[in-house]
Amino acid sequence: MSADAPSLSPNAYRDTWSGQVLGDRVGDRVRLSGWVHRRRDHGGLIFIDLRDRTGIVQLVFNPDESGGSHELGHRLRSEYVISVTGKVVNREPETVNPDLPTGEFEVHVSEAGVLAESDTPPFGIEDYQGEAGEETRLKHRYLDLRREPMREAIELRHRLTTAMRSFLDGEGFLEIETPILTRSTPEGARDFLVPSRLQRGSFYALPQSPQLFKQLLMVSGFERYFQIARCFRDEDLRADRQPDFTQLDIEMSFVDGEDVIALNERLIGHLLAGMGIEIDTPFPRMAYDEAVGRFGSDKPDTRYGYEITDLTECLRGTEFKAFGGVIESGGAVRGINFGQRDLSRAQLDGLIDDAKELGAKGLVWAFREGDGWRAPIAKFLSADELAALNAAMEAEEGDLMLVAADAPAKVASILGGLRTRLAERWDLIPEGVNSLTWIVDWPLFEWVEEEERWNALHHPFTAPAGDLDPENPGDTRAQAYDLVWNGVELGGGSIRINRPEVQSAVFQVLGISAEESAERFGFLLEALHYGAPPHGGIAYGVDRFAALLAGVDSIRDVIAFPKTASGGDPLTGAPAPVDEIQLREAGINLRKPPKPGTS
RNA sequence: GGGGGCGUAGCUCAGUUGGUUAGAGCGCUGGCCUGUCACGCCAGAGGCCGCGGGUUCGAGUCCCGUCGCUCCCGCCA
């Protein structure tokens, strides 16, 4: 059942919520309005389950006492909108429905009217019928949202954002809106573009985040800002990614990273407490390098073990070329001991396919057998090597080990991906455990091999920790922190650069020329020349947060009107072609005509 | 852009090695029913087997293409 019923001012439609037809109302004459959830028509007696936002109550149409209303009861169908007046009575003990909060009571109807009829819905609103296909649900989302699990998810999301607002308000943060129509600034993702009619040939971009605006607000002296902000990124979708999504965006002035982390631990503690989850503070912290090394991920799921072991030194100089060659060229060999696993040969070979999907060239599986291995490649390794491997991975008799070799970063991501995949498949994740971890000590830059240039790992406005060494950008750490909850990146932030000369130095490393940076975000650089306070903040993925709390796999289940994997909305038909007139006004010629007949 | 899964009645699904008239449950429509609550009983309607092409005497089933949904990789600072 949902949260407490909202307050109610009696009016012509209702003086009582369906879910509030309880003991204290017995004997009262009540007015109720809502939807026909279900009808049980006995010819004489007719039972109607009346549903509104607060719950369900049973209405009784009795020919002996309902008079003319009884005939109307016959005509009612699922999802008709009705308004009734009747008397609240206790049910006979043998007719109580223990599954319903209002199950000890019912309303004997004296007057009833249909406010709106309904076509037969394409799928059942009742839970027992199971879920319709997602496309059907989205096409009739307004009906899907009537279903209790959806209503609860949306209500949960509301409670979450309300708690965010009240906490931050209590901490002196101001909620400030920033533009949706803004300027394309090169952040990570592809921009959504909006043509300007008044300035033909120019485009707005939808914000990928309010990053630059919140920094400007710090320069403006607001000191503490937040926004539950819609963000837009034109990239492919996933279960946890929508092209428009919501961030809780926070920024504060005259703070260092510890201040931001402390505030956010209180925020998260407050939010989770409101959801009935107690969590210890401070949250543990893990360095980026450690996370990648032990878990193969910058968002490690620390609820379970099966950590990665580096085996490179065990195998240095090995005769086995698949490993030896990789090591000689600077690569790494690493493995995970998955313990006792009873798998068929086909299942073991299937693991190789998993690894290949994750980008591996191959995968070695092996079971410890005596001092050696039972494995297809066992014969290529010496007894000493096998013993060293068993020791390194602390393998016991019969343990399954999975080993991969590649460039260090690659092998980390392969094994990290395998670890999370298999944890789910083999049910290795403990129930009811919540693990919140700060990932800290991030590199400021990463080297992009294909493009032979440095890239900002977070974003180019992240402050370096200490001095920036332009000769060795890879050694510079960032004042950045990500919050990871059960292997999901819940949020991330940093202390920002507040001095223009530092910002220029970062741009230089990134290969952004003075002209280019002036052209693209000169407005920020200029603002930094007018006394920007030290500042930093964080942004959380509100959709992911709500999905985790609701216990659903897809953020679509906590978004009222989400989009499908191809970015469409089956309800509205968006995106859709537009009139030639609209295109002309926007000053746009399509390079190719739209595909005919889709939509 | 690439890989996997799915597409049959309004909904959820079954459909054998290619073989008569494509099934079930729920829902829907009509009838009966005064204590049901996933009401019950009786009767009935409802199908472009996603779409297009091919193979075949014959295709829901096999092949090719295509569209849609979904999961993943790439992408997402």
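Letters A, B, ... mirror the listed sequences (proteins, then strands); counts begin at 1.
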So if I take every side-chain heavy atom of [X] and compare against [options], which nucleotide ends up nearest?
X        : options             : answer
A:Asn97  : B:C37, B:G35, B:U70 : B:C37
A:Ala132 : B:U34, B:C11, B:C37 : B:C11
A:Thr120 : B:C28, B:C71, B:C37 : B:C28
A:Pro122 : B:G10, B:U34, B:C69 : B:G10
A:Glu134 : B:C37, B:U70, B:G35 : B:U70

Under 4.0 angstrom between [X] side-chain N/O and [N] OP1 or OP2:
X        : N     : result
A:Thr564 : B:G68 : no
A:Ser78  : B:C28 : yes
A:Arg39  : B:C39 : no
A:Arg38  : B:C26 : no
A:Arg40  : B:U36 : no

B:C11 base stacked by A:Phe123 (centroids within less than 5.5 Å, tilt under 30°):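 It does not: the two rings, one from A:Phe123 and one from B:C11, miss the stacking criterion.
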
Stacking of A:His42 on B:C39 base (centres under 5.5 Å, planes under 30°):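 Yes, aromatic ring over the base.
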
Under 4.0 Å, counting only non-hydrogen atoms across every strand here, what does [X] touch: a base, just sugar-phosphate, or nothing?
X        : result
A:Asp236 : base
A:Val96  : base
A:Ile46  : nothing
A:Arg137 : nothing
A:Gly359 : nothing
A:Gln58  : base

Between the base of [N] and the side chain of [X], is there any donor-acceptor pair under 3.5 Å?
X        : N     : result
A:Arg91  : B:C37 : yes
A:Glu106 : B:G35 : yes
A:Glu135 : B:U70 : no
A:Arg77  : B:G27 : no
A:Arg241 : B:C75 : yes

Flag for A:Asp41-A:His74: side-chain donor and acceptor within less than 3.5 Å: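 The answer is yes; a qualifying pair exists.
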
Distance-only side-chain donor-acceptor flag, A:Thr178 / A:Gln227, under 3.5 Å: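 Note: A:Thr178 and A:Gln227 side chains meet the donor-acceptor criterion.
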
If I pick the [atom1] atom on [M] and the same atom on [N], what distance separates them, to the nearest angstrom?
N     : M     : atom1 : result
B:C28 : B:A9  : C1'   : 11 Å
B:U66 : B:C75 : C1'   : 25 Å
B:G68 : B:U21 : C1'   : 31 Å
B:G47 : B:A24 : P     : 15 Å
B:G65 : B:G27 : C1'   : 36 Å
B:U34 : B:C69 : C1'   : 47 Å
B:C42 : B:C49 : P     : 32 Å
B:A38 : B:G1  : P     : 49 Å

Atom-pair distance ([atom1] on [X]; [atom2] on [N]), nearest Å:
X        : N     : atom1 : atom2 : result
A:Glu424 : B:C71 : CD    : C1'   : 11 Å
A:His70  : B:U36 : NE2   : C1'   : 13 Å
A:Asp41  : B:U29 : CG    : P     : 12 Å
A:Glu65  : B:G35 : CD    : P     : 14 Å
A:Arg238 : B:G1  : CZ    : P     : 14 Å
A:Lys563 : B:C76 : NZ    : C1'   : 17 Å
A:Leu143 : B:G27 : CG    : P     : 17 Å
A:Asn62  : B:C33 : CG    : P     : 15 Å

Look through every strand shown and name the nucleotide pairing with [N] as Watson-Crick or G-U wobble, where both distances are under 3.5 Å.
N     : answer
B:G19 : B:C57
B:G7  : B:C67
B:G40 : B:C32

5' precedence on RNA chain B between A:Arg233 and A:Pro570 (nearest-nucleotide basis):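 Of the two residues, A:Pro570 wins.
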
Residue met sooner reading RNA chain B from 5', once A:Pro121 and A:Pro63 are mapped to nucleotides: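 Between the two, 5'-proximity favours A:Pro121.
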
Mutual orientation of the aromatic rings belonging to A:Tyr306 and A:Phe338 [parallel < 30°, tilted 30-60°, perpendicular > 60°]: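 Parallel: the ring planes of A:Tyr306 and A:Phe338 meet at under 30°.
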
Parallel, tilted or perpendicular, as decided by the 30° and 60° cut-offs, for the rings of A:His140 and A:Tyr142: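 Geometry flag for A:His140 against A:Tyr142: perpendicular rings.
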
A:Glu65/A:Lys87 salt bridge by N-O under 4.0 Å criterion: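 Salt bridge absent between A:Lys87 and A:Glu65.
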
Partners passing side chain to side chain contact (heavy atoms under 4.5 Å, CB included) against A:Ala423 (at least two apart in sequence or in another chain):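 If we apply the side chain to side chain contact (heavy atoms under 4.5 Å, CB included) test to A:Ala423, skipping adjacent residues, the hits are A:Tyr304, A:Leu428, A:Ile429.
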
Side-chain heavy-atom pair A:Leu444, A:Val509 within 4.5 angstrom cut-off: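 Side-chain contact under 4.5 Å: no.
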
Whether A:Arg38 side chain and A:Asp49 backbone form a donor-acceptor pair below 3.5 Å: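 Side chain of A:Arg38 to backbone of A:Asp49: no pair is present.
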
Sidechain-backbone polar pair: A:Gln242 side chain, A:Arg556 backbone, donor-acceptor under 3.5 Å: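 Such a contact is absent between A:Gln242 side chain and A:Arg556 backbone.
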
